[in-house]
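Let me begin by presenting the structure, written as structure tokens, before commenting on it.
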Amino acid sequence: MSTPNTSVGAEVSRIKNRLAEHRYLRLLVAPGVGLLWVTFFLFAPLGIIVLFSFYGAGEYGAIVQEFTLANYERFVANPIYHTIIAKSFGIGVVTTLIVLPLGYSLGYFLARSDTKYKPLLLGLVVVQFWVPIIIRTYAWISILGRRGVVNQILMMGSIITEPLQLLYTMHGMLIGLVVSLMPFMILPVYSAVSTIDDDIIQAAKTLGASDARAFYEVTLPLSWPGVVSGILFTFIIAAGAFIAPQLLGGPGERMIAPVIADVFLRDFNWPFAAALSLIYFLLIGVSLYIFTRKADLEEALEGTAL
Amino acid sequence: MDDVSFDVEEGEFVTVVGPSGCGKTTTLRMIAGLEEPTSGNIRIDGEDITSLPAFERDIGVVFQDYALFPHKTVAENIAFGLKMRGKSEAEQQEAVDEMLRIINLEGYDDEYPHECSGGEQQRVAVARALAFDPDLVLMDEPLSNLDKKLRQSMRTELKRIQKETGVTTIYVTHNQTEALSMGDHLIVMNNGRLEQLDEPKSAYREPSTPFVADFLGQSTRLDGVFKQNGSGPQVRVGNVDLTVLERPDVESGDDVAVFLRNELVRLSESELEGDNTFPGSIRDVDYQGSDVNFFVDLPALGTSVQVSAVNGTPEAALTEGDDVWLQVAAKDLIYVAS
Amino acid sequence: MKGRWNWRAVKGLSAFVYLAMMLPLLVVVLNSFHPDRIPTFPPKSLSIRWYEAFLADQMLIDALVFSTKIAALAAIGCGIVGTLTALGFVRYDFPLKKGLVIAVLSPMLVPPVIIGLASTMFFGEVGLSRGTLWIATMHVLIGLPYAFLVIRSRLYLFDETLEEAAMTLGASRLRTFREITFPIIAPSILTGMVLAFVISFGEFTATQFWVVGSKTTVPVVIYTMLETLITPKVNVLATFVLVVTIAIPAIGMLIQRQLTATSE
């Protein structure tokens with residue numbers, strides 16, 4: 001695989017090799033590329049949001065580039081936006097509370113079970129990650145609808161006579177959210193629990209701990225990083241969810257992400273959308289800050305990288 | 001690293017020995033170009049290579065864990081150095097064939113490292129470092145991962161290979177048997193400093209620092225003061241005067257460390273004659289198979305001295321509690337300024 | 001191991017969760033074969049009429065092709081940027097390293113709505129117009145943290161003395177990477193790329209801001225079809241996507257297993 005030794009080719013190689021010896025140039029490329037990418041395509045845009053949030057909204061989507069606090073005033077003056085944000089955080093919390101025990105059970109089960117189907121079962125969970133969330137969400141329309149799977153089964157079993165209104169309700173949206181976010185709890189917990197040496201748990205038992213006690217004193221604390229990771233992702237994704245509220249939620253379930261998108265795409269009110277985004281993002285930032293007081297952010301973010 | 005300077009002759013086999021953390025591996029890595037010295041330089045054939053990156057130096061390295069490329073065959077591993085230098089396929093094949101012959105692994109061309117045994121991998125690592133005809137070969141404790149028997153046979157192998165190729169070799173080890181048996185010259189290092197550079201025999205018989213005296217061989221150390229008066233050269237240890245031979249670098253009044261080499265101390269049940277005779281009793285016996293180590297309490301010196309006896313001699317049958325006599329000839333007493 | 005009843009409870013709960021996760025996928029596939037416009041449960045018969053309709057719908061086919069193209073570009077981009085970034089963090093020390101890792105992972109924390117919105121504003125200011133480059137670039141951003149984490153964990157396990165050996169044998173840094181490092185970590189790079197592929201393929205919330213005209217992705221098309229009226233072709237499209245997003249990583253994993261077997 002050696003390159004043919006033309007004098008130009010060899011000279012270029014020599015220059016490249018000499019450059020590669022310079023530490024600062026190396027840093028510029030690795031990790032420089034990634035850092036620059038994120039800076040340019042994430043941080044810079046976020047900076048622009050700050051800027052835009054102080055602009056005025058003109059007619060038909062025009063932007064008046066003058067400093068104004070109008071957007072923030074609008075937010076403060078309209079309690080409906082407060083409700084929406086509060087609701088979003090609330091949904092985040094509720095979703096996390098439901099996902100936690102269910103996801104933990106499955107993660108725990110996968111990590112501690114010995115069955116030969118384990119790779120298959122694990123695969124079924126991982127597969128959830130790969131299937132687009134929009135598909136996993138919209139499918140519930142067929143399941144929860146008036147003539148959907150759930151209602152049909154209940155009617156056939158004569159449990160109800162009238163179909164239940166599950167779709168376009170809080171329950172429907174929550175079901176969609178909870179199920180689609182399951183893998184974000186299952187996998188980190190699985191990862192964490194499977195690193196716990198069985199001997200440690202056995203040791204606790206020989207020292208007199210009951211099953212419940214052993215779990216509480218040994219397994220749970222040791223698997224905590226996985227739990228933390230799951231909580232982090234579940235909360236952030238649920239609170240900022242777009243698809244589930246739009247497809248499965250009703251008019252009573254207005255969440256912040258669809259509202260922001262509406263303001264931006266339908267009203268063409270970029271400045272106000274920017275302000276809303278900024279406010280929501282700052283609140284998320286505060287949550288994350290509180291989070292870092294109690295846990296390691298980097299470790300939690302790595303939880304899903306199996 | 002403190003102050004390390006030495007010269008190596010072409011074709012020589014030099015061993016560098018010392019305890020863990022003494023800086024021998026660091027020295028090696030600096031010569032190879034894997035680490036930068038804070039000061040000083042490295043010259044090969046008069047040419048200063050200190051500023052050259054590793055890949056531009058013509059130095060082969062055999063790593064402790066071999067570092068064979070797992071995704072390349074034995075032949076590809078060996079040929080790698082030549083490939084990097086742009087040699088033709090034919091030249092590469094020729095070198096590979098030659099090296100496989102030298103290391104006695106003919107036919108292993110298409111094997112992968114994980115398919116070879118530890119000893120085989122070790123030889124491939126050596127072959128790889130030699131194949132491109134380097135100016136110098138560095139070996140970093142290459143035998144430490146092998147079991148004892150294999151280590152012994154590989155020791156002979158490596159010496160043979162080095163003789164056959166004639167390449168200058170610097171060999172790092174913490175094992176003094178290897179250091180003494182393998183090198184034309186020996187370098188002892190401690191705490192980042194070069195303690196002594198000498199032929200193995202000289203270093204063993206005439207250590208120049210207490211550390212070297214202690215490190216090579218097994219001995220008991222006694223601290224005392226050298227004095228030269230009417231009764232001749234002596235070292236006073238505690239309440240006792242030991243008779244020694246004169247040394248040019250030690251003067252009356254100097255603090256010295258005395259080393260009694262296990263094998264040079266005479267042991268007997270009956271009283272012995274000669275310089276430095278002491279009665280004592282055996283406190284502890286350390287059976288080691290081919291020889292036996294005794295720890296003998298000597299009331300006169302107020303301490304115990306190590307003595308060894310070879311398996312098969314009558315002394316080897318002595319046991320704890322036996323009363324014995326120890327004697328050390330003046331010429332066998334090693335002492336160095338401390 | 002928990003006590004018998006506890007373990008049974010865990011198993012039961014797990015089975016329930018599995019069912020809940022599999023149900024949507026099964027329903028989608030089932031409905032794609034449902035003869036009626038509005039699928040009811042259970043289907044009275046099966047039909048492939050919607051498959052025929054799908055194959056005749058050029059817009060859907062175009063979306064499928066475009067999504068695949070974008071995902072492939074994102075995969076390649078994440079492979080390159082992810083590897084370089086991971087190398088940098090594993091091999092070198094520099095100030096604020098811990099904070100910068102979070103910076104690289106930050107796309108996971110920012111709600112996709114905001115990513116979509118902010119980048120639209122930004123690109124508008126910069127003067128870039130919507131198109132393939134825009135979407136692919138942003139999908140690289142979104143997939144980067146995942147590729148980075150996968151490749152980085154492999155690099156932690158990588159034996160650096162192999163690189164030192166290569167350098168003592170005369171290989172420059174670049175050559176060493178090409179001959180030694182890359183071949184050995186290639187399986188993990190592939191995994192990272194596959195991850196980036198499926199993430200890109202399935203991305204909707206941010207991507208909806210970036211599509212224009214015929215340059216639209218499958219998830220956006222699905223959403224539009226759902227918003228307007230549910231034609232069963234959506235289920236066919238979804239089934240196709242299911243197959244793709246399950247098959248590709250599965251194949252990728254098999255390849256990775258093969259590659260890892262020979263290079264270790």
Side-chain angles (χ1 to χ4, degrees), chain B residues 25 28-35 49 52-73 76-87 92 95 112-115 121 124-142, chain C residues 79-80 83-84 86-88 90-94 150-194 252-264:
Chain B
T25 301
L28 210 69
R29 289 172 63 85
M30 288 198 287
I31 299 175
L34 298 171
E35 272 179 48
I49 60 168
L52 288 183
F55 67 95
E56 285 183 16
R57 304 189 189 191
D58 232 4
I59 301 176
V61 179
V62 181
F63 292 83
Q64 190 170 357
D65 61 350
Y66 320 139
L68 294 177
F69 306 133
H71 60 302
K72 293 187 183 282
T73 62
E76 287 167 341
N77 264 280
I78 296 179
F80 195 80
L82 294 133
K83 184 172 160 189
M84 291 303 112
R85 286 163 173 78
K87 302 286 178 207
Q92 289 181 40
Y112 280 91
H114 70 267
E115 294 169 341
Q121 289 183 18
V124 173
V126 172
R128 183 177 69 176
L130 295 174
F132 61 98
D133 206 16
D135 295 328
L136 173 65
V137 159
L138 307 172
M139 302 198 187
D140 189 2
E141 309 206 39
Chain C
I80 298 174
T83 304
L84 290 172
L87 273 173
V90 172
R91 296 295 167 80
Y92 306 131
D93 271 320
F94 40 88
V150 168
I151 300 174
R152 188 180 74 155
S153 48
R154 175 64 183 91
L155 278 176
Y156 278 142
L157 300 172
F158 184 82
D159 181 6
E160 281 177 50
T161 53
L162 291 176
E163 291 181 344
E164 290 184 341
M167 292 207 285
T168 62
L169 291 163
S172 65
R173 275 184 207 274
L174 297 172
R175 197 101 197 251
T176 303
F177 181 80
R178 187 153 55 98
E179 295 266 352
I180 308 299
T181 320
F182 179 75
I184 294 180
I185 64 174
S188 293
I189 299 182
L190 186 65
T191 305
M193 288 174 65
V194 166
M253 271 167 51
L254 284 172
I255 298 181
Q256 192 222 24
R257 229 154 261 173
Q258 273 297 94
L259 290 175
T260 326
T262 52
S263 70
E264 223 117 82

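By convention in this document, chain letters (A, B, ...) are assigned in the order of the sequence lines, proteins followed by strands, and residues within each chain are numbered from 1.
Heavy atoms of B/D65 lying under 4.5 Å from chain C belong exclusively to its side chain. Neither the backbone nor the side chain of B/L82 comes within contact range of chain C; no heavy atoms are under 4.5 Å apart. Both the backbone and the side chain of B/R128 come within less than 4.5 Å of a heavy atom of chain C.
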* **Stepwise side chain to side chain contact (heavy atoms under 4.5 Å, CB included) check, C/I180 with B/H71** => CA-CA 8 Å; C/I180 308 299; B/H71 60 302; 4.1 Å; yes
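Across all their heavy atoms, B/F80 and C/E179 have their closest contact at CE1-OE1, 3.8 Å. Taking all atoms of both residues into account, the shortest heavy-atom contact from B/A67 to C/T161 is CB-O, 3.8 Å. Smallest separation of non-hydrogen atoms from C/G170 and B/R85: CA-NH1, 4.0 Å.
With values rounded to the nearest 0.5 angstrom, C/M167 atom CE is found 13.0 Å from B/I59 atom CD1. For the atom pair CD1 of B/I31 and OG1 of C/T168, the computed distance is 13.5 Å after rounding to the nearest 0.5 Å. Remark: B/F69 CZ to C/L169 CG distance equals 5.5 Å, nearest 0.5 Å.
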